[in-house]
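These figures come from a predicted structure and were not determined experimentally.
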Protein chains: 2
Amino acid sequence: MSNGCKPIPSRVLDPQLVEARRLQIVQAAVVLFVEKGFHKTTTREIAKASGLGIGTLYEYIQSKEDVLYLVCAYIHGEVEHRLAEVRDASRSGREWLATSIRRFFHCVDELQDYVLLIYQETKSLPKERMHPVLEREEALVHLFEEILERGRADGSIPIDAASVKLIAHNIVVLGQMWTFRRWALHRHYTLEEYTERQISLLLQEIRARELEGTQGSQGSQGEGKS
Amino acid sequence: MSNGCKPIPSRVLDPQLVEARRLQIVQAAVVLFVEKGFHKTTTREIAKASGLGIGTLYEYIQSKEDVLYLVCAYIHGEVEHRLAEVRDASRSGREWLATSIRRFFHCVDELQDYVLLIYQETKSLPKERMHPVLEREEALVHLFEEILERGRADGSIPIDAASVKLIAHNIVVLGQMWTFRRWALHRHYTLEEYTERQISLLLQEIRARELEGTQGSQGSQGEGKS
DNA sequence: TTCGACCGACTGAGCGTTCGTTCGGTCACT
DNA sequence: AGTGACCGAACGAACGCTCAGTCGGTCGAA
């Protein structure tokens with residue numbers, strides 16, 4: 001559940017020590033990265049903030065970018081951990097969805113600096129390290145796909161199969177939007193307002209399909225050109 | 001319609017020449033930034049690609065970050081220019097909205113590298129230069145607010161006032177999502193599929209409210225906990 | 001004595017930015 | 001038309017500095 005893909009080599013032998021030191025490193029680095037960004041943070045700053053010498057730092061990583069990768073993995077771990085708690089919580093898919101969205105948005109809000117960091121710095125990873133990070137991002141989308149799928153199965157979320165993936169992406173992105181548009185959104189909404197409004201929009205949208213079903217028409221197709 | 005806030009000083013006197021040379025610079029830089037990112041692009045590369053000497057480059061800017069700012073302004077200009085064409089096109093707010101979304105998504109697709117660039121590099125701007133860029137981003141949101149507002153006025157888009165801003169943000173972000181999630185989305189949808197599906201979701205959502213009105217119930221409020 | 005975790009002075013590539021210089025063009029005066 | 005003073009756009013070598021990464025050494029535990 002926690003590791004991604006290729007392990008980062010370390011010159012230190014004891015695996016427990018490696019894990020412990022890397023946690024030090026990551027927790028120090030995350031603060032610095034949030035504060036100044038990846039590029040403007042120096043390895044020396046990371047070393048000092050971790051309580052290690054610069055040489056020691058390089059016993060546990062091979063490059064500065066490795067630190068970024070570790071940080072990304074750590075953050076994804078945090079998100080996944082918090083989200084796992086409600087994985088099988090409620091009864092209908094519809095309720096599960098609403099609960100999960102609330103949890104997810106809440107989590108995004110708590111970890112907003114971290115989420116923003118991933119958003120802004122993922123591109124600085126070397127290609128090979130980027131893939132596992134994106135995969136983990138997609139796993140998050142999959143979680144919501146699963147929920148939507150269950151709602152589809154039990155009839156509580158009447159949508160067509162081809163929209164599932166899209167809606168799942170929408171949910172994730174609209175959650176993350178709370179962080180990368182906070183300069184605008186926080187001026188107008190509290191987290192609760194934001195969450196409930198987004199859920200309400202989404203569920204109304206889903207309800208619409210239900211009603212349309214009873215009406216028997218598809219609507220919104222002959223809307224314009226193309 | 002085109003300029004932002006504080007002008008960037010140049011040591012060159014002739015304003016026409018300044019504009020022309022800066023266009024050279026921007027168009028060269030934009031390619032490099034898309035290719036390698038802002039940080040990994042050197043001023044020398046920018047100079048060479050613009051057909052200028054390093055020294056000349058600095059006749060027209062004061063720092064490397066100025067180039068980034070010019071690039072951002074240029075891109076926003078492109079987007080705004082393309083969007084302006086349909087500003088007063090159709091009759092009902094609802095139709096205007098659909099048309100504008102199509103145009104916007106199409107535009108985002110055409111300029112996807114540029115849009116992505118702004119998304120990823122805005123944070124590298126110095127604070128003072130960042131503000132005008134964000135303001136221009138908000139202007140885009142305002143465009144959609146305006147459209148939604150008109151739809152509200154003519155009754156074709158029955159939503160409550162407090163949702164207008166949120167929906168406008170949603171539209172803009174879901175458009176931009178096409179660029180920053182292309183690694184996932186392009187695998188599953190063409191631009192047309194993506195656009196029509198998103199519009200359809202949005203309009204159904206709006207239609208839902210309409211129907212709810214005739215039903216007289218609010219729904220989706222007692223969905224879960226607090 | 002051996003081993004491995006830790007250290008930090010050192011290196012050198014690479015960066016943004018500067019500044020002394022060049023040189024084609026313009027214009028006032030003859 | 002001819003001349004020379006002046007202008008300013010263009011140039012690029014060089015400067016000063018930063019910073020990722022290295023390497024030889026120290027030290028404590030086994």
Side-chain angles (χ1 to χ4, degrees), chain A residues 8-29 32-33 35-71 121 123-129, chain B residues 7-30 32-33 35-71 121 123-129:
Chain A
I8 293 172
S10 169
R11 229 177 281 131
V12 175
L13 307 184
D14 177 12
Q16 285 198 349
L17 182 60
V18 171
E19 193 174 352
R21 288 276 182 270
R22 281 186 177 164
L23 188 62
Q24 282 177 247
I25 294 168
V26 161
Q27 287 178 339
L32 291 167
F33 289 173
E35 205 176 300
K36 336 173 49 183
F38 172 69
H39 284 286
K40 292 192 177 166
T41 302
T42 67
T43 50
R44 250 165 282 260
E45 284 174 311
I46 297 170
K48 175 173 278 184
S50 329
L52 303 175
I54 183 68
T56 312
L57 178 64
Y58 274 87
E59 300 281 339
Y60 294 95
I61 57 164
Q62 305 218 117
S63 74
K64 189 188 173 190
E65 279 150 349
D66 283 348
V67 179
L68 182 57
Y69 176 70
L70 288 173
V71 164
E121 306 291 6
K123 66 158 206 308
S124 304
L125 288 168
K127 278 280 176 298
E128 33 154 355
R129 295 289 173 202
Chain B
I8 292 172
S10 168
R11 228 176 283 133
V12 175
L13 308 185
D14 176 11
Q16 285 198 347
L17 183 61
V18 170
E19 193 173 354
R21 287 278 180 269
R22 281 186 177 165
L23 189 60
Q24 279 179 249
I25 295 168
V26 161
Q27 286 179 339
V30 108
L32 292 167
F33 289 172
E35 207 175 297
K36 337 173 49 184
F38 172 70
H39 285 286
K40 291 192 178 168
T41 303
T42 67
T43 50
R44 254 168 278 260
E45 285 174 311
I46 296 170
K48 175 174 277 183
S50 328
L52 303 175
I54 260 287
T56 313
L57 179 65
Y58 274 87
E59 299 281 338
Y60 295 95
I61 56 166
Q62 307 219 116
S63 75
K64 189 187 173 192
E65 280 151 348
D66 284 346
V67 179
L68 182 56
Y69 176 71
L70 288 172
V71 164
E121 306 291 8
K123 67 162 205 306
S124 305
L125 289 167
K127 279 279 176 299
E128 33 154 352
R129 295 289 173 202

Trainee: What's the CZ-C1' distance between Arg21(B) and dA10(D), to the nearest Å?
Mentor: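 Whole-Å distance recorded here is 9 Å.
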Trainee: Would you mind reading off the distance between Arg11(A) atom CZ and dG4(C) atom C1', rounded to a whole angstrom?
Mentor: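 The answer, rounded to whole Å, is 12 Å.
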Trainee: Counting primed atoms plus P, OP1 and OP2 as sugar-phosphate and everything else as base, spell out the protein contacts along nucleotides 24-30 of chain D at 4.0 Å heavy-atom distance: B, S or - for each nucleotide, 5' to 3'.
Mentor: -------
Trainee: Are there over 12 heavy-atom neighbours, none belonging to Gln27(B), within less than 6.0 Å of that residue's CD?
Mentor: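 More than 12 within 6.0 Å, yes.
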Trainee: Salt-bridge test for Glu59(B) and Arg21(B): reply yes if a basic N is under 4.0 Å from a carboxylate O, no otherwise.
Mentor: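 Salt bridge flag = no for Arg21(B) with Glu59(B).
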Trainee: Quick one: Glu65(B) CD to dC15(C) C1', roughly how many Å, whole number?
Mentor: 13 Å
Trainee: Of the nucleotides dC15(C), dA10(D), dG21(D), which has the atom closest to the Tyr60(B) side chain?
Mentor: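 Closest nucleotide to the Tyr60(B) side chain: dA10(D).
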Trainee: Any N or O donor-acceptor pair under 3.5 Å from the base of dG16(C) to the side chain of Arg44(B)?
Mentor: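 Donor-acceptor pair under 3.5 Å: yes.
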Trainee: What contact category does Thr43(B) fall into here, base, sugar-phosphate, or nothing, at under 4.0 angstrom with non-hydrogen atoms?
Mentor: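 Contact class for Thr43(B): base.
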Trainee: How close do Tyr60(B) and Arg22(B) get, heavy atom to heavy atom, and via which atoms?
Mentor: O-NH2, 2.8 Å
Trainee: Give the minimum heavy-atom separation between Leu68(B) and Glu121(B), together with the two atoms involved.
Mentor: CD2-O, 3.6 Å
Trainee: Check whether more than 12 heavy atoms from other residues, nucleotides or ligands sit under 6.0 Å from atom NZ of Lys123(B), and answer yes or no.
Mentor: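 Enclosed.
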Trainee: How would you label the contact of Ser10(B) with the nucleic acid (heavy atoms, under 4.0 Å): base, sugar-phosphate, or nothing?
Mentor: nothing
Trainee: Measure from NE2 on His39(B) to C1' on dG14(C) and round the result to the nearest Å.
Mentor: 16 Å
Trainee: Using the ring of each side chain (for Trp, its six-membered ring), is His39(B) parallel, tilted or perpendicular to His39(A), with breaks at 30° and 60°?
Mentor: parallel
Trainee: Of all the heavy-atom pairs spanning Glu65(B) and Ser124(B), show the shortest one and how long it is.
Mentor: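 So the minimum-distance heavy-atom pair works out to OE2-O, 3.8 Å.
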Trainee: Quick one: closest heavy-atom pair of Ile25(B) and Ser50(B), and the distance?
Mentor: CA-OG, 3.7 Å
Trainee: State, to 0.1 Å, how close Ile46(B) and Ala28(B) come at their nearest heavy-atom pair, and which atoms those are.
Mentor: O-CB, 4.4 Å
Trainee: Can you measure Ile61(B) atom CD1 to dT17(C) atom P for me and round it to whole angstrom units?
Mentor: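 Ile61(B) atom CD1 is separated from dT17(C) atom P by 7 Å.
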Trainee: Between residues 45-58 of chain B and DNA chain D, which residues have a heavy-atom gap below 4.0 Å?
Mentor: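 Heavy-atom contacts with DNA chain D come from Leu52(B), Gly53(B), Ile54(B), Gly55(B), Thr56(B).
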Trainee: Once you round it to whole Å, what is the distance between P of dC15(C) and CZ of Phe38(B)?
Mentor: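 About 13 Å, once rounded to whole Å.
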Trainee: Leu13(B) CG to dA10(D) C1': how many Å, rounded?
Mentor: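 Roughly 14 Å, once rounded to whole Å.
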Trainee: Quickly work out the Lys40(A) NZ to dG16(C) C1' distance and round it to whole Å.
Mentor: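 The answer, rounded to whole Å, is 13 Å.
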